[in-house]
Every structure is written in structure tokens, then in C-alpha cells.
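Beneath this line is the structure, given in C-alpha cells, with notes to follow.
Any value given below was found using the heavy atoms of this structure, including those in side chains, with hydrogens, waters and symmetry copies removed. Remember, it's 1-based here, ligands and their atoms both numbered in the order they're listed.
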Amino acid sequence: MTLNVKKAELHCHIEGAASPALVKAQARKYGADVSTFIADDHYVWSDFTEFLAAYDGAAALFRSEEDYALLARTYLEGIAAQNAIYAEIFVSPDHAAAAGLTAEAYLNGLGEGIEAARSATGIECRMIIVGVRHLGAEKVEAAARLAATRPHSLITGFGMAGEERFGRVADFTRAFDIARDAGLGITIHAGELAGPESVRDALDHVRPSRIGHGVRASEDPDLVRRLADEGVVLEVCPGSNLALNVYPDITSHPFDALRREGVKVTLSSDDPPHFHSSIGHEYQLVADAWGYSSAEMTGFTKTSIEAAFVDEPTREILLGQLG
Ligand SMILES: Nc1ncnc2[nH]cnc12
Ligand SMILES: [Zn+2]
């Protein structure tokens with residue numbers, strides 16, 4: 001049982017954390033129809049493109065500061081009950097804008113939810129602004145410029161999500177330069193659906209300290225060695241990878257092989273209700289597959305906290321909670 005293991009996740013898209021029940025409640029509030037992407041109490045999609053459409057459909061139903069406060073609070077209190085002590089959420093001002101919400105209202109709402117969850121449970125959370133790759137380099141650069149102004153005190157990182165097979169990483173270098181120059185932590189989705197060349201491009205053009213997923217780097221031994229040598233941390237989301245059919249089952253998943261090669265691996269849920277994942281589920285999944293001890297499981301949490309985009313005093317407090 002891994003319930004007692006203290007946990008942390010570095011990779012969860014806040015719009016992707018909205019449960020079908022919550023989205024249905026939002027749909028009732030705004031008189032909207034969700035039948036194209038929710039049936040009964042589950043999301044309906046059959047490939048990555050349809051998943052992104054379901055994600056966008058859910059996001060469109062969060063339209064006010066209070067909607068986002070409720071979403072952040074619900075997600076964080078849920079994972080605190082699984083013994084999570086820290087989380088980073090990907091926040092997407094482009095999704096807020098598409099729902100008619102200013103970046104200020106969006107981030108303030110999320111910030112209120114984060115503070116409420118912290119008061120109720122003690123969980124710490126920081127926000128990573130993401131640009132959406134398939135919206136193009138100009139939009140991603142605009143997201144980076146916004147992030148660089150530090151529009152909220154809990155914004156500590158910048159990243160890029162969306163369709164990895166769109167464009168070339170080199171097209172987005174300037175966005176990441178802007179964010180890095182502003183002192184933000186850098187992460188990028190790569191090696192989720194696209195192969196090792198996508199991870200290599202990300203390392204060469206973006207110089208991230210962390211990579212979202214990165215699991216397909218496992219197909220290239222030289223690249224695995226490079227990740228280990230450079231200490232790049234992978235935000236591994238095994239349940240997401242299984243749901244999207246990147247691997248047929250957990251025993252085929254490279255999490256343990258990467259760990260044995262010396263790559264720093266961490267565990268996250270990605271978009272929990274879409275992938276039937278959660279931080280608690282991910283810890284249990286890998287523990288069942290590879291028989292890790294509690295100390296090894298706590299080691300994954302330690303790696304997450306060491307790689308977190310958080311101030312040093314808070315990092316020390318979090319590390320102290322691991323005992
Ligand atoms: N798993 C994922 N990959 C890329 N972009 C995303 N946006 C939300 N979830 C995502
Ligand atoms: Zn992701």
C-alpha cells in the first residue's frame with residue numbers, strides 16, 4: 001500500500017483535472033451541452049486529437065474567477081487526501097481567454113483556490129504557465145511574455161503543452177529564452193507521442209531542467225545517457241501513457257528502465273479524470289509493477305521536490321516532511 005507515502009506531482013493540467021461531475025455542474029450553470037465529450041460520468045475520446053477536443057470543451061465551461069477557485073481547490077484537496085504535500089499545476093491563459101476570462105481573473109481565481117486548499121490541508125502548490133504548441137509560436141511567445149511579468153506570486157515556471165507533432169521545437173526557442181531570462185523554471189512536453197528526436201530537440205533548443213513525459217527517450221540509449229548525465233528530470237505520467245496507448249501495459253512502460261539507467265524520474269497524473277489516473281494511482285501502479293519499497297517510493301517524491309520550481313525555504317520545509 002502506498003497511501004501512507006508522502007507524494008508530490010509536478011505535472012497536472014488544471015483544466016484536465018476537472019471531473020466530469022464538476023464539468024456537468026458547470027454546464028448546468030451556463031446552460032451548455034457536454035454530450036459531445038462526456039457520456040454518463042466519463043469523458044469520451046478515442047485518440048489524442050479527440051482528447052484535446054474534450055479537454056478544450058471542459059475548459060470552456062470555467063468562465064469566472066470563482067469557477068477556477070473551485071477547480072483548483074477541489075483538485076488540491078483531492079490529492080491532499082492521497083497524502084500529496086506538493087503539486088505544480090499547468091495553467092493555460094489561452095484556455096482562459098477562449099472562455100472570455102482575463103489572465104488576471106484566471107490566475108487570481110486559481111490562486112484563491114490554492115490558498116483555500118493550503119489552509120484546509122497544508123498542501124503547497126505553484127503554477128506553471130504553459131503555451132499551447134499547436135496554437136503556434138506567436139501565442140506561445142505571448143504566454144512567455146505574460147509569465148515573465150510574474151502576474152501572480154505563485155507563478156514559478158513556464159512550459160509548453162499541446163500537440164507535440166506540430167511545428168519544430170526550434171520555432172519556440174525565443175519563448176523559452178524570455179521565460180528563462182525572467183528566472184522562471186523551464187519544462188516542456190516532449191517524448192510523449194513523438195520519439196527520441198523530439199526530446200533531443202527539446203534539450204538542444206530549450207535547455208529545460210525538466211521534461212514533461214520524455215518516456216520515448218528510452219528508445220535511444222545515447223539519449224538516455226545524456227538525460228542521466230545532465231540530470232534532467234522526467235515528469236513521468238504512466239497512467240496517461242497507458243490511456244493514450246503509448247504502451248500496452250505497465251510492464252512495457254520504461255519507467256523502471258529509465259530509473260535503472262540513472263535518469264531522474266518522478267510521477268504525475270497529467271489529466272486525471274481523462275486518463276483514470278491520480279497521483280495516488282500512479283504511485284500504486286509502479287509499486288505493484290516493480291515492487292518498490294516505501295523508501296524507494298519516497299525517493300520519487302524527494303526527486304520531485306528537489307526539482308520543484310519553488311523557493312528554497314519552502315523546498316527545505318517540504319523535504320523535512322519526508323522524514
Ligand atoms: N498529455 C498532454 N500532452 C500534451 N498537451 C496536453 N494538454 C493537456 N494534456 C496534455
Ligand atoms: Zn501533460
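- When hydrophobic side chains of Ile, Leu, Val, Met, Phe, Trp and Tyr are connected at separations under 4.5 Å, Leu135 ends up clustered with Val132.
- Protein residues with a heavy atom under 4.0 Å from ligand 1 are His13, Phe48, Phe51, Tyr55, Ala161, Gly162, His189, Glu192, His213, Asp270, Asp271.
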Begin with the C-alpha distance, continue with both residues' side-chain angles, and end with the deciding distance and a verdict on ring-ring contact (aromatic ring centres under 6.0 Å, His included) for His189 and His213.
CA-CA 6 Å; His189 281 63; His213 300 282; 5.6 Å; yes
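- For the pair Asn108 (side chain) and Ala105 (backbone), a donor-acceptor distance under 3.5 Å is absent.
- Residues meeting the ring pair (Phe, Tyr, Trp, His ring centres under 6.0 Å) test with Tyr30, sequence neighbours left out: none.
- Using cut-offs of 30° and 60° on the angle between ring planes, the pair Trp45 and His274 is tilted.
- Aromatic pair Phe300/Tyr292: centroids less than 6.0 angstrom apart.
- The number of protein N, O or S atoms lying under 2.8 Å from the Zn ion (ligand 2) is 4.
- The closest side-chain donor-acceptor pair between Ser92 and Glu15, if any, does not fall under 3.5 angstrom.
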Can you check side chain to side chain contact (heavy atoms under 4.5 Å, CB included) on Ile79 and Lys7, steps first, answer last?
CA-CA 9 Å; Ile79 65 166; Lys7 304 176 183 74; over 6 Å; no
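- In this structure, a donor-acceptor pair under 3.5 Å is absent between the side chains of Ser198 and Asp201.
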